[in-house]
Q: 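Next up is a structure, given as C-alpha cells.
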Amino acid sequence: MEKNYGGEVESDEVLRAIFLPFLSTSHIIPLVDMARLFAMHGVDVTIITTPHNSSIFQKSIDLDSTRGRSIRTHVVKFPAEKVGLPVGVESFNVDTPRESHSKIYMGLFILQNEIEQLFDVLKADFIVTDMFYPWSVDAAAKLGIPRLMFHGASYLARSAAHSVELYSPHSKVESETEKFVLPELPHALEMTRLQLPDWLRSPNPYTELMKAIKESEKRSYGSLFNSFYELESGYHEHYKKVMGTKSWGLGPVSLWANQDASDKAARGLAKEEGGEEEEGWLKWLNSKPEKSVLYVSFGSMNKFPYSQLVEIANALEGSGHYFIWVVRKNNEAEADQEGSGFLEEFEKRVKASNKGFLIWGWAPQLLILENKAIGGLVSHCGWNTVVESVNAGLPTVTWPLFAEHFFNEKLVVDVLRIGVPVGAKEWRQWNEFGSEIVKRDDIGNAIALMMDEQEGAEMRRRAEVLSDAAKKAIQVGGTSYNSIIELIQELKSVKLSKGQKQHD
Ligand code: UDP
C-alpha cells in the first residue's frame, strides 16, 4: 500500500466500489472509464493498481476529483524485485519482453493477498474485476459482496467462443481453410479453422485459463461489457441465455466518460499537453476536407515486422487518399538489413506531398476519430476501437490479428455491414507474424472500396445510424443509461439486505 489520491469516503449511505483492472493498457482504459461512470452516478470508487499502470489514467481521475466525484486510485507496489523484473516492468504492453510475462503473472499472484485484504479494509460493497482475475469471485464470496466481471470483448466474440467450445464446428471440416458456420448464433457466421484463436482450435494452457474465467463468471453477480444494446442486441440476449448469467452493456464507455476535450486528451499514454506533435496532427487534419482522411492504427499492442510496414506504406501512398498512420518501429536490425531509414524517408515524402501524417507510438485516438476530416479506419478490430469507430460513425477496413479480433471482424463486416475485410487469413499469437504478410494490393483494394463515394455510401450511412444510436444509449432513458441506473439500484438493495441480515 503506498498512497491514496483524491476524496475520502463520506458516509455509510454511499455505495462503495472497488475496481481492479488487468495490467494491460487496452483492458485498463475501458475499465477505468467504467469506474468513472459509476463515480459519475454517485458511487464511491477506488481503483486498485500498480504505480506504472496508474500513470496511464491518473490524469483522468484527477480531472474527475476536481469535478467533485468521489473517485481515487489506490496504488499497490508491484513486487518487481521478488520476481526478478526491473522496476517499472509491470504490464503486458507492446514493449514487454515475452520472457517477462510469467514473472508479471507471478507478481500478480504475490499481490493477490494484499488486494484481497484491501477489498475488506476499504469496505467495498461490491467489486468489479477484470476477467483475468477469476480468484476474485471467491474473495468476494468470503466477504459476502457481489463481484462483477469485466469483459474486454464483445458479446458476439464471447458468444462465438462459446459456440466453438460447445459444438467444435472446426473439427468437422477437412482443412484449415474450409469454411464452417458457427452453430446456434443469431447469424450464420462463417469462419475457418485458421481464423480461430489457438486456444479454441486445440487445448493449451490458455484454454484452461479461459475455462476458469468462464466458471468464475457463472459464479459472479454478473458481467459488464463495453457495448451498447443497439450495437449487438441479438448477441447480448443470446449470451445471457446460453450463459445463464446477468450482464449489462454500459458502452460506449469512451464517449460517456470522456465528454470534454481535456478527458479525451488525457486518455492513455497521452503526451504532455501542448506538445508540438499534438498540435501538428490537429492542424494538419483541420486543413483537410470532410471525410477525406484514413485513420490507420492497430491498437496498443501491435508492432508489425518491417516488411509489413513497407507494404502498408506503399498501399497508403498508392491509395491517393489522405492518411494519419499511427506507427511503431519494430526491429531496428531488420530495418537496417532491408534498407535503413525507409520509414523516415516515407515520412518526409508524404509530408512534402501533404498526403500523410505519421504519429509515432501513441495517438489521441478519441480526438482524431471525432474530427470531421476522418473518413474511415484501417484497424485490427480491437474491441475498444470497434466501439470508438462506431461511435464516430465511421466504416473500417478490417485487418484482424490476434485475441478475439476475427470474431469482431464478423460483427463489423457481416452483421453491421460497416466494414471491408483486407482478407486476413490466419489468427496469430500477439506480435507473431510468420512469413505471410498482407500485400499492398489487398490493402489498397479494401481502402478503395471503403472510400468509394458510391460503393461506400451505404456503409457510411449504416455507420452513421449506429453513431446516433450510440449517443442515445448514454442519454437519460437510453439503454446503457438505464442499465447503469438499474444495476446501481440492484447493488444498493443487495447492500441494504446484507445490512439488515447483520442487524437481525
Ligand atoms: N489507443 C489510443 N491511441 C493509440 C492506440 C490505442 O488512444 O495510439 C486506445 C484506443 O482508443 C483504444 C485502446 O487504446 O481505446 C486500444 O484498444 P483496442 O481494443 O482497440 O486494441 P488493443 O490495444 O487491445 O489491441
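Order of appearance sets the numbers: ligands from 1, and atoms from 1 within every ligand. None of these values were measured; they are calculated from a predicted model.
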Q: Using the side-chain contact (heavy atoms from CB on, under 4.5 Å) rule, take Phe78 and Ile104 through it: C-alpha gap first, then chi angles, then the decisive distance, then the call.
A: CA-CA 9 Å; Phe78 188 77; Ile104 299 173; 4.1 Å; yes
Q: Crowded around Phe109 CZ? As in, over 12 foreign heavy atoms under 6.0 Å?
A: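 It does not: Phe109 CZ has 12 such atoms or fewer within range.
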Q: Take a 6.0 Å sphere around CZ of Arg67 and say whether it holds more than 12 heavy atoms from other residues, nucleotides or ligands.
A: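 Yes, CZ of Arg67 has more than 12 neighbouring heavy atoms, counting only those of other groups under 6.0 Å.
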Q: May I ask you to say whether Lys329 pairs ionically with Glu344, meaning some side-chain N is under 4.0 Å from a carboxylate O?
A: yes
Q: How close do Glu311 and Arg440 get, heavy atom to heavy atom, and via which atoms?
A: OE1-N, 2.7 Å
Q: Would you say ligand 1 has an N or O under 3.5 Å from any N or O of Arg267?
A: yes
Q: Which residue owns the protein heavy atom closest to atom 20 (O) of ligand 1, what's the atom, and how far is it?
A: Thr385 OG1, 2.5 Å
Q: Give the numbers and elements of all ligand 1 atoms closer than 4.0 Å to a heavy atom of His380.
A: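 Ligand 1 atoms under the 4.0 Å threshold to His380: 20 (O), 21 (O), 22 (P), 25 (O).
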Q: Could you list the atoms of ligand 1 found under 4.0 angstrom from a heavy atom of Ser26?
A: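 Counting from 1, the qualifying ligand atoms are 16 (C), 17 (O), 22 (P), 23 (O), 24 (O).
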Q: Hey, is ligand 1 close enough to Ala363 that some N/O pair sits below 3.5 Å?
A: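 Yes.
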Q: Between the side chains of Glu190 and Lys410, is the shortest nitrogen-to-carboxylate-oxygen separation below 4.0 Å, so that they form an ion pair?
A: no
Q: Does the N or O separation between Glu388 and ligand 1 drop below 3.5 Å for any pair?
A: yes
Q: Do any N/O atoms on His405 end up under 3.5 angstrom from N/O atoms on ligand 1?
A: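 Min N/O separation from ligand 1 is not below 3.5 Å for His405.
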Q: Applying side chain to side chain contact (heavy atoms under 4.5 Å, CB included), can you list everything that pairs with Pro421, at least two apart in sequence or on another chain?
A: Thr398, Glu409, Val413
Q: To which protein heavy atom is atom 9 (C) of ligand 1 closest, and what is the distance rounded to 0.1 Å?
A: Trp362 CH2, 3.7 Å
Q: Would you say Ile29 contacts ligand 1, with heavy atoms under 4.0 Å as the rule?
A: yes
Q: I'd like to check which ligand 1 atoms, numbered from 1 as shown, lie under 4.0 Å from a non-hydrogen atom of Asn384.
A: 12 (C), 15 (O), 17 (O), 18 (P), 19 (O), 20 (O)
Q: So which heavy atom in the protein is nearest atom 23 (O) of ligand 1, and how far is it from that ligand atom?
A: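 Answer for atom 23 (O) of ligand 1: Ser300 OG, 2.5 Å.
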Q: Val326 heavy atoms, cut-off 4.0 Å: which ligand 1 atoms fall inside?
A: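 Heavy-atom distances to Val326 below 4.0 Å select 8 (O).
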Q: With Glu432, which residues qualify under side chain to side chain contact (heavy atoms under 4.5 Å, CB included), at least two apart?
A: Arg98, Gln429
Q: In terms of heavy-atom contacts, does CE of Met106 have more than 12 from other residues, nucleotides or ligands at under 6.0 Å?
A: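 No, because the 6.0 Å sphere around CE of Met106 holds 12 heavy atoms or fewer from other groups.
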Q: Relative to the heavy atoms of Gly382, which atoms of ligand 1 are at a distance of less than 4.0 Å?
A: 18 (P), 19 (O), 20 (O), 21 (O)
